[in-house]
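Structure record follows, encoded as structure tokens.
Being a predicted model, the structure only gives us computed values, none of them experimental. Atoms within each ligand, like the ligands themselves, are counted from 1 in listed order. Keep in mind that the numbers below use all heavy atoms, side chains included, and drop hydrogens, waters and symmetry copies.
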Amino acid sequence: MNPNRHLMTLDEFTIHQTRQFKHATGELSTLLRDIGLACKFINKQVNKAGLVDILGAHGAVNVQGEEQMKLDIFANEVLINVLRNSSDCAGIASEENDSYVAFEDEHSINSKYVVMFDPLDGSSNIDVNASIGTIFCIYKRVSPLGKPCNETDFLQKGKNIMAAGYVIYGSSTMMVYATRLGVNGFTLEPSVGEFCLSHKDMKCPEDGKIYSINQGNSSKYDAKLIQFLQYCMEDDKETSRPYSHRYIGSMVADLHRTLIKGGLFMYPADTKSVKGKLRLLYECNPMSYIIEMAGGIGTDGQNAILDIEPCELHQRVPIFIGSKKMVEKALDFLK
Ligand code: AHG
Ligand code: MN
Ligand code: MN
């Protein structure tokens, strides 16, 4: 490696960003570093997932005599334990827990931030070795310092997010994270175990040629949505139609492609899932924040996702998200 070629690590980058603000305390950088650390542990376990058949199936005992843990439970516990030990986290809410967890030690009750996450997204893809991910977002708490955080800290609009990101465990492992200053991507350099800046100031292309939806559910979709899907499949040279259809079934992987190549990702409501499937707090809010900071749009078909007032921790919402022009076109049909 050329010693003069400086790779900027996630830590160096966030410290550099913090220095641009006079009153910044660096707590957000510490939290991002801690989330990055948890995701490195998860990454290691995800890479070994294929060995489960050799070492013993889930629920069985492995060669070391340890109980095998389901990967999403493992990821959840790693994140909670790392954040519990973090110096700047008052509590967490996770897709895998029925309720939020308030950290009650002296230090945590005086911490300013709470973190919400989907510890492992796309977990049905583990068995087929396709990309999966971790999604997170960070809020400043609204409850008074000096006491454990409470539910009001977690039921905040997406607009209040301070930072959001995801880690994709793919052909390489990458963290993408967004603040009001922009969206940046860091690739894990396995030899040194650090996330290094690889995708600076990411922008979601204004228009795209790919739509992404579980089209197998079409018979349960609303007529207006069916019309829009017809539009995507029609021939029209001028607007590059028909669009290509791509659907991995991992929101992180589908949206990572959408962020880089442009496109439209949809998980609508249907007659079976009348509120949609994806969770507002752990999936739709953080992803909408990232895409909007990169110039795209995230909506439930009526309102911006980030404007929705949450009323419960595990609330679901329909979502249409991605390149600005493609989302606007979908809204022309849906409204
Ligand atoms: P999770 O693995 O966290 O439960 O999330 C799965 C989600 C999401 O990643 C993906 O976009 C969606 O489920 C796919 O759902 P369908 O299989 O219904 O298309
Ligand atoms: Mn998920
Ligand atoms: Mn999950």
Checklist entry - Are F117 and E95 side-chain neighbours, meaning at least one heavy-atom pair lies under 4.5 Å? => result no
Checklist entry - Between CE of M162 and OH of Y289, what distance do you get to the nearest 0.5 Å? => result 7.5 Å
Checklist entry - Among the protein atoms near the Mn ion (ligand 2), how many are N, O or S and lie under 2.8 Å away? => result 3
Checklist entry - Which pairs pass ring pair (Phe, Tyr, Trp, His ring centres under 6.0 Å) with one or both residues in residues 313-335, sequence neighbours excluded? => result F228-F333, Y231-F333, Y282-H314
Checklist entry - Does D235 have any salt bridge (charged side-chain N to carboxylate O under 4.0 Å, His left out) partners at least two apart in sequence or in another chain, and if so, which? => result none
Item to check | Per-ligand residue contacts, ligand 1, heavy-atom threshold under 4.0 Å | outcome: E95, D118, L120, D121, G122, S123, N214, Y247, G249, S250, M251, F265, Y267, K277, L278, E283
Checklist outcome for this item: In terms of heavy-atom contacts, I260 and P205 come closest through O-CG, 3.7 Å
Item to check | Considering all heavy atoms, the nearest S87-D34 contact | outcome: N-OD2, 4.4 Å
Checklist entry - If you measure only the distance, is there a donor-acceptor pair under 3.5 Å linking the side chains of T18 and S29? => result yes
Checklist entry - Would you call K112 and D88 a salt bridge, using N to O less than 4.0 angstrom? => result no
Checklist entry - Do T9 and D11 have side-chain N/O donor and acceptor atoms under 3.5 Å apart? => result no
